[in-house]
**Student:** 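Below are the structure tokens for one structure; questions will follow.
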Protein chains: 2
Amino acid sequence: MTNSIEITKAKTSKIQDVDFENLSFGKIFTDHMFTCDFKNGEWQKPEITPYAPLTLDPSARVFHYGQAVFEGMKAYKDDAGKIWLFRPEDNLARINKSAERLAMPAFPHDLFMEGLKKLINIDEDWVKPGFGNSLYIRPFVIATEPAIAASPALEYKFLIICSPAQSYYSGDVRVLVAEQFSRSANGGVGFAKAAGNYAAQFYPTSLANQEGFQQIIWTDADTHEYLEEAGTMNVFFRINDTLITAPTSERILDGITRKSIIQIAKDADINVEIRPIKVSEIVEASKNGSLKEIFGSGTAAVVSPISAFSHKGELFEVPKQDDKYSDKFKNLLNGIQYNTLEDPYGWRQSI
Amino acid sequence: MTNSIEITKAKTSKIQDVDFENLSFGKIFTDHMFTCDFKNGEWQKPEITPYAPLTLDPSARVFHYGQAVFEGMKAYKDDAGKIWLFRPEDNLARINKSAERLAMPAFPHDLFMEGLKKLINIDEDWVKPGFGNSLYIRPFVIATEPAIAASPALEYKFLIICSPAQSYYSGDVRVLVAEQFSRSANGGVGFAKAAGNYAAQFYPTSLANQEGFQQIIWTDADTHEYLEEAGTMNVFFRINDTLITAPTSERILDGITRKSIIQIAKDADINVEIRPIKVSEIVEASKNGSLKEIFGSGTAAVVSPISAFSHKGELFEVPKQDDKYSDKFKNLLNGIQYNTLEDPYGWRQSI
Ligand SMILES: Cc1ncc(COP(=O)(O)O)c(C=O)c1O
Ligand SMILES: Cc1ncc(COP(=O)(O)O)c(C=O)c1O
């Protein structure tokens, strides 16, 4: 890829219309976007242009066959005004892994890093400093070829769009353990950030919402006996002082927050077990008082403590805990992300 | 729905540029399309307009979460120039069932039937008479709301686009029985025509293509011991004179061609068994000579005879058969579809 990025700046900025104190997630986008088309077997001229609607033929493959993958990442501003990314190369590696499973072309490393950084630089005023404030970054790839044959498209569009985000107090997160519906199959696409995986969760999640649960913890589709992950979070359990999380697999997304937490926990001499987790084990631990914490991990909220789970109609409360692992991990990760702590891992990358 | 359909005709037709003798599937579309937006909790003004690109925000849910469902149906012209649909209400029922599973709103019956018929009437010259010629009709619904929260959209677009189709001689169809990859999970969305189900098959199918197989017959994700369906076809096996097909389930699409064939077969006093089918049973039947036919069923080709299947590296040829069930069903269904035979079932509907 020798093409350099062609930049067209927006004539005016929308930023003065934005209430940065009252952002709802993913509704407002910055002034620019990065796009690059794939055609004739290669990625074409990359561009940064004003954020604008896409024009696509109604027969574009993405509308019919869900041939689309995405990523979610964030940029953080420190108090000196410097902007940081967190393990961005891992997002690139993952979107390319997702793309491969959906028969889509990989996006080149250097072009991704350059496009990402240039785009954020141009829209740097949209990244607000302060713990919790961030720029949510959404790289995604869609199949644009105008033809409805049920086969991989020959044309794609890679985009990066950005949305300012605030830390949100999500309240008590109560989860339902899946007993009937499931998220992914062995040999399927669960490990990929494939667009269709998400729409498939909307209906079961709506039903859970109606019963007062914010999220579902998915279980294996065969037996519903093993805990896997939540809709957009991996899940950790603390039994006594041991931290347990399910191994990644072809059904489970290899979360970047998850693997960062595993690393941090190990380095803090916390006993970490990465192994299949039976629902019955957690129920048992809840009953005998050894279940200390449950929390989800993901880019959106870093960690989301879970206060209760329901299984087969029975509700299990997770007792309040003073010295929470989840707080420790959140503080450490935020410290690295916002450049207030040392980063012994080299996870932070300046723009 | 009291809104009547607003019709804007194309100024010129593209039809004279189309080579109807050399159509490749799904690349050329007729002059008009039907669209209807969902907003503020209801379907808005339906329109028939010139076929044209869609303008969507890059944050539209369909691009990120695959919240999209579709249908595939056909219109047939008889020698008197009259146009017929085949069980169109079943397609509507199915798209609404798919929509429900993806937390999308149902589309109203009367508006669907009226929009469909008006659209085909306007583009009637695109429907060519003669067995094999047809108008492929693609109703679909996409989530258009410009916001990337991972939850059901509040805005949708329903569309119908149409593409002239020819009968294609697909050659020998050889299939691979899935041993590693899978199409759908218990409790998942396999029974729905959910966009994401299709992209998920592209990569495994490409691998199969490279080994010389046109399609995959999917097996259950747990054991890979039971035969389910192909990518866009249900599958039938004939052992001696018994016709066997898997029961529909939450993993398998309830094909309209499949259920029509079952009905026709029963009425022809063919012994039909609708039950789980073990791969080992078909392998055994192939070895002892009782396997007479395998064929796929679907709107695209009605029936597609399968000449060989591969399982665990072993290739099983299906012997040539003189009095093929598949020919019988194809002729009967085509006769009903093209109005050359009686339709005792009331499946045919004129426009
Ligand atoms: C299904 C799923 N699991 C887990 C995660 C958490 O991954 P990460 O920590 O990389 O954000 C996400 C969100 O990206 C997800 O979509
Ligand atoms: C997965 C799948 N199975 C089977 C079929 C066949 O269904 P029908 O006979 O209604 O076209 C289709 C195509 O519509 C399909 O997509």
Side-chain angles (χ1 to χ4, degrees), chain A residues 24-27 29 33 51-59 61-68 70 100-103 138 140 142-143 146-152 159 161 163 178 180-189 194-203 205-206 221-222 224 231-232, chain B residues 24-27 29 33 51-59 61-68 70 100-103 138 140 142-143 146-152 159 161 163 178 180-189 194-203 205-206 221-222 224 231-232:
Chain A
S24 55
F25 178 76
K27 289 199 173 172
F29 296 88
M33 62 185 186
Y51 184 89
L54 306 179
T55 300
L56 285 178
D57 198 86
S59 67
R61 287 281 208 302
V62 62
F63 296 136
H64 302 269
Y65 306 128
Q67 204 186 8
F70 71 98
E100 183 184 13
R101 182 59 181 83
L102 265 70
R138 169 58 56 91
F140 63 113
I142 55 175
I148 55 169
S151 58
L159 301 96
I161 58 176
S163 174
Q180 177 198 352
F181 291 107
S182 53
R183 184 186 169 276
S184 67
N186 293 321
V189 298
N197 287 343
Y198 296 80
Q201 298 178 62
F202 290 171
Y203 176 72
T205 306
S206 301
D222 303 3
H224 297 295
T232 55
Chain B
S24 55
F25 178 77
K27 290 201 172 171
F29 296 88
M33 62 184 186
Y51 184 90
L54 306 178
T55 300
L56 285 177
D57 199 86
S59 67
R61 287 281 209 303
V62 62
F63 296 137
H64 302 268
Y65 306 128
Q67 204 186 8
F70 70 99
E100 183 183 12
R101 181 61 181 81
L102 266 68
R138 169 57 58 90
F140 63 112
I142 56 175
I148 55 169
S151 57
L159 301 97
I161 58 176
S163 174
Q180 178 198 354
F181 291 108
S182 53
R183 183 185 169 276
S184 67
N186 294 320
V189 298
N197 287 343
Y198 295 81
Q201 299 178 61
F202 290 171
Y203 176 70
T205 306
S206 301
D222 304 4
H224 296 295
T232 55

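A note on names: the letters A, B, ... follow the listed sequences, proteins ahead of strands, and every chain is numbered from 1. Because only heavy atoms are used, hydrogens play no part in the values below, and waters and symmetry mates are left out as well, while side chains stay in.
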**Student:** Between Val189(B) and Tyr203(A), is there a side-chain heavy-atom distance shorter than 4.5 Å?
**Tutor:** no
**Student:** Could you tell me which of Gly188(B), Pro53(B), Ala68(B), Pro152(B) has the largest number of non-hydrogen atom pairs under 4.5 Å with chain A?
**Tutor:** Pro152(B)
**Student:** Heavy-atom cut-off 4.5 Å, strictly under: side chain, backbone, both or neither for Thr205(A) against chain B?
**Tutor:** neither
**Student:** Checking heavy atoms, do the side chain of Ala200(A), its backbone, both or neither come under 4.5 Å from chain B?
**Tutor:**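 When you check distances to chain B, atoms from both the backbone and side chain of Ala200(A) fall under 4.5 Å.
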**Student:** Among Thr232(A), Asp222(A), Asp57(A), Asn186(A), which residue forms the greatest number of heavy-atom pairs with chain B at distances under 4.5 Å?
**Tutor:** Asp222(A)
**Student:** Do you know which of Ala199(A), Ser184(A), Ala147(A), Gly196(A) has the most heavy-atom pairs with chain B at a distance under 4.5 angstrom?
**Tutor:**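 Top option by heavy-atom pairs under 4.5 Å: Ala199(A).
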**Student:** By a 4.5 Å heavy-atom criterion (distance strictly below it), what part of Leu54(B) contacts chain A: side chain, backbone, both, or neither?
**Tutor:** both
**Student:** Relative to each other, are the rings of Phe202(A) and Tyr65(B) parallel, tilted or perpendicular (30° and 60° limits)?
**Tutor:**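 The arrangement is perpendicular - the two ring planes meet at more than 60°.
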**Student:** Given a strict heavy-atom distance threshold of 4.5 Å, which part of Thr55(B) is in contact with chain A: side chain, backbone, both, or neither?
**Tutor:** both
**Student:** For His64(A) and Phe140(B), I'd like to know if the aromatic rings sit close, meaning centre-to-centre distance below 6.0 Å.
**Tutor:** yes
**Student:** Examine whether an atom of Ala143(B) lies under 4.5 Å from a heavy atom of chain A, and if so say whether it belongs to the side chain, the backbone or both; otherwise answer neither.
**Tutor:** neither
**Student:** If you count heavy-atom pairs under 4.5 Å with chain A, which of Lys27(B), Glu100(B), Gln67(B), Arg101(B) comes out on top?
**Tutor:**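 Max contact count across the listed options: Arg101(B).
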**Student:** State, to 0.1 Å, how close Pro58(A) and Met33(B) come at their nearest heavy-atom pair, and which atoms those are.
**Tutor:** CG-SD, 3.9 Å
**Student:** Which answer fits Ile161(A), side chain, backbone, both or neither, if we ask what part of it has an atom under 4.5 Å from a heavy atom of chain B?
**Tutor:**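 When you check distances to chain B, only side chain atoms of Ile161(A) fall under 4.5 Å.
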**Student:** Heavy-atom cut-off 4.5 Å, strictly under: side chain, backbone, both or neither for Arg183(B) against chain A?
**Tutor:**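 For Arg183(B), neither part sits under 4.5 Å from chain A.
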**Student:** Below 4.5 Å, heavy-atom pairs only: which of Arg138(B), Arg61(B), Gln180(B) has the largest tally toward chain A?
**Tutor:**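 The residue among Arg138(B), Arg61(B), Gln180(B) with the greatest pair count is Arg138(B).
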**Student:** Given the options Ala150(A), Ser151(A), Ala103(A), Ala185(A), which has more heavy-atom pairs under 4.5 Å with chain B than any of the others?
**Tutor:**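 That would be Ser151(A).
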**Student:** Between Phe70(B) and Phe63(A) (judged by ring centroids, cut-off 6.0 Å), do the two rings come close enough to count as a pair?
**Tutor:** no
**Student:** Counting only non-hydrogen atoms closer than 4.5 Å, does Ile142(A) touch chain B with its backbone (N, CA, C, O), its side chain (CB onward), both, or neither?
**Tutor:**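 Interface part for Ile142(A): side chain.
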